[in-house]
Amino acid sequence: VNRADSHPRELISAWLDGELGQEERTVVLEHLAGCASCRALVDDLTILAKATREEPIPPVPEGLEERIAWRLRSAAAAQRRPRWRTLVPLTAVASLMVVGILVVLLREQRLAPSLPSFAPPQESQKAAAPEPPASGRADEGKPLDSLAEKKESDERLRSVGYLGRSKDAESGAVAKQAPAAPPPPALARDKGCRTDPHLRTRPRLPSSASSSRQRRRPQ
Amino acid sequence: VAKPAQADSEEDREILRGVERDLVERAARGDREAFERIVAEHLPRVWKVVYRMLRHREDAEDVVQEVFLTAFRSLPFYRGEAKLSTWLHRIAVTRALNRLDLASEKVARASLPLEPLDEDDSAAPIAALEDRGRTPLEALEAKELMRRLADCLGKLPPAWRAVLALRDAESRSYEEIASLLQIALGTVRSRLARARLSLKDCVEGRAS
């Protein structure tokens with residue numbers, strides 16, 4: 001009840017709803033007995049409550065029940081769908097990622113033994129070399145497994161002036177000496193890379209691997 | 001779908017409660033047909049309470065659909081502590097209030113002619129009616145009263161409209177309203193009183 005209000009309107013409202021205890025009911029009845037405006041309020045609130053109760057409400061829209069049923073079916077289908085429609089693409093993506101990582105790791109592993117022989121920056125420009133000659137080599141058919149062998153191989157290449165040649169000259173040499181050997185994928189890719197000096201040193205690495213593969217093939 | 005029969009005795013009521021329990025259990029296991037029976041039985045009452053609160057047909061349709069979708073998803077968590085109708089009403093009232101909150105953010109509230117009464121506001125809207133033979137409401141013709149009532153109900157703050165809809169239209173007890181709206185019993189009582197007095201002022205043409 002509002003203390004500043006001499007009319008217990010909140011109590012009257014609750015009294016109309018039959019929600020008062022005995023004590024509060026007595027307070028309301030005593031007040032109503034001596035207050036005409038509150039008796040008028042009771043009449044008005046009764047009219048309004050009745051009107052609110054009887055206010056015409058539009059009937060349930062036609063087709064609403066069917067629309068709810070349709071949405072339930074859609075929701076049920078959506079609940080079922082994730083079990084396989086979501087898992088399959090997720091599994092595929094995860095598998096692709098795993099395969100991709102494995103491929104990268106395997107490549108790194110294959111290239112790893114050659115990493116210490118990366119040419120210094122001044123040599124890196126020379127190192128963008130294509131395949132060495134495929135034939136007429138003393139070590140033909142021997143895999144370049146050890147670092148010593150790799151260094152020896154490099155020395156031999158330098159002695160014949162191979163590593164010191166310009167790019168254009170090298171290309172010509174390749175065209176003359178090994179026309180049938182296609183450049184390895186790594187080499188083809190590195191030609192387009194102008195910013196990373198390390199990448200320029202790489203062509204030598206797959207070329208040795210590639211040539212070793214070529215050499216092994218006849219055996 | 002068959003309408004529920006009238007419960008003439010406690011035994012009948014127990015049978016109906018058993019039927020409802022069975023429906024709920026089946027629906028909770030994903031039986032859509034069982035849930036569609038629940039929808040058919042409770043749709044009219046849910047529609048009424050939602051419409052009374054929103055007073056907008058399209059919004060009410062949207063909310064009623066959301067109510068039953070929410071109920072379908074939440075049914076496995078329904079423990080049966082409250083009656084199914086009360087549980088559905090709670091979802092309906094919550095959803096309708098959420099919709100009203102969203103709407104009230106969009107609509108300029110300045111357009112509302114009714115302002116909530118302050119706690120210490122002692123202005124007595126009934127004072128002007130004292131010593132009159134008939135109150136203005138009594139003098140209004142029924143048709144005009146209903147027109148004004150509909151207009152004024154739409155202007156009431158959502159929280160007040162909710163208690164009015166639940167009490168005067170749905171005949172819910174204060175305790176049920178408090179439970180449905182998650183508010184204290186005293187708040188239900190004061191909100192109802194304020195809502196009624198504001199509605200009366202509005203219908204009498206004093207607040208608009």
Side-chain angles (χ1 to χ4, degrees), chain A residues 1-21 24 28 34-80, chain B residues 1 30 32 35-36 39-40 43-44 47-48 51-52 57 60-61 64-65 68-69 72-73 117 119-122 124-127 129-132 134-138 140 142 145-146 149-150 153 164-165 167-169 171 173-175 185 188-190 192-197 199-200 203-204:
Chain A
V1 183
N2 191 342
R3 290 173 197 277
D5 187 3
S6 55
H7 304 285
R9 294 175 297 176
E10 188 179 308
L11 284 182
I12 290 172
S13 164
W15 173 73
L16 283 168
D17 291 328
E19 294 273 355
L20 289 185
E24 286 177 319
V28 170
C35 179
S37 67
C38 283
R39 286 198 298 276
L41 176 67
V42 167
D43 291 344
D44 284 346
L45 293 185
T46 306
I47 290 169
L48 281 176
K50 185 171 178 287
T52 305
R53 193 163 38 251
E54 291 173 355
E55 189 198 9
I57 297 294
V60 176
E62 208 172 312
L64 179 58
E65 199 176 319
E66 288 71 24
R67 284 195 288 282
I68 292 169
W70 182 84
R71 284 191 68 176
L72 285 172
R73 278 193 292 275
S74 305
Q79 276 179 339
R80 279 197 304 272
Chain B
V1 178
R32 269 206 328 274
F35 191 76
E36 282 169 18
V39 172
L43 179 57
W47 166 256
K48 270 187 189 171
Y51 184 86
R52 281 186 197 279
R57 191 185 160 98
E61 271 197 55
V64 167
Q65 290 185 43
F68 284 108
L69 277 173
F72 184 64
R73 292 191 187 113
L117 295 175
E119 198 64 48
D120 293 322
D121 180 14
S122 59
I126 57 167
L129 303 177
E130 284 180 19
D131 303 321
R132 287 191 189 174
R134 291 175 79 198
T135 69
L137 285 187
E138 284 173 325
L140 275 178
L145 172 67
M146 295 313 258
L149 181 78
L153 280 170
L164 274 183
R167 175 64 217 174
D168 289 346
S171 304
S173 70
Y174 282 19
E175 206 173 330
L185 267 176
V188 174
R189 192 164 92 169
S190 62
L192 261 174
R194 284 156 186 262
R196 284 167 172 165
L197 292 171
L199 188 64
K200 182 171 119 41
V203 171
E204 286 170 351

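Lettering follows sequence order; numbering is per chain, from 1.
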If you round to the nearest 0.5 Å, how far is [atom2] of [Y] from [atom1] of [X]?
X: A:L20; Y: B:R189; atom1: CG; atom2: CZ; value: 6.0 Å
X: A:L64; Y: B:E61; atom1: CG; atom2: CD; value: 5.0 Å
X: B:L145; Y: A:K50; atom1: CG; atom2: NZ; value: 9.5 Å
X: A:E65; Y: B:F68; atom1: CD; atom2: CZ; value: 8.5 Å
X: B:E36; Y: A:I68; atom1: CD; atom2: CD1; value: 10.0 Å

Legend entry - Heavy-atom closest pair, residues B:A193 and A:S13: CA-OG, 3.7 Å
Inset, instruction - Looking only at non-hydrogen atoms, find the nearest pair between A:L41 and B:L197 and report the distance. - result: CD1-CD2, 3.7 Å
Legend entry - Under 3.5 Å donor-acceptor, B:W47 side chain and A:P58 backbone: yes
Inset, instruction - Determine whether A:L48 and B:D168 make a side-chain contact, defined as any pair of heavy atoms from C-beta on separated by less than 4.5 Å. - result: no
Legend entry - Basic-acidic side-chain contact under 4.0 Å: A:D44, B:K200: yes
Inset, instruction - Answer yes or no: is there an ion pair linking B:R196 with A:E10, defined by an N-O contact shorter than 4.0 Å? - result: no
Inset, instruction - Identify, with sequence neighbours excluded, every residue that meets side-chain hydrogen bond (donor to acceptor under 3.5 Å, both in side chains) alongside B:E175. - result: none
Legend entry - Contacts of type side-chain hydrogen bond (donor to acceptor under 3.5 Å, both in side chains), residue A:E19, not counting sequence neighbours: none
Inset, instruction - Could you have a look at A:L72, A:L16, A:I12, A:L45 and say which one has the most heavy-atom pairs with chain B under 4.5 angstrom? - result: A:L72
Which bit of [X] comes within less than 4.5 Å of chain A, counting heavy atoms only: side chain, backbone, both or neither?
X: B:V188; result: neither
X: B:Y174; result: both
X: B:L185; result: neither
X: B:L192; result: both

Inset, instruction - Determine the option with the most heavy-atom pairs under 4.5 angstrom with chain A, choosing from B:V39, B:L69, B:V203. - result: B:L69
Inset, instruction - Tell me, out of B:Q65, B:K48, B:R57, who's got the most heavy-atom pairs with chain A below 4.5 Å. - result: B:Q65
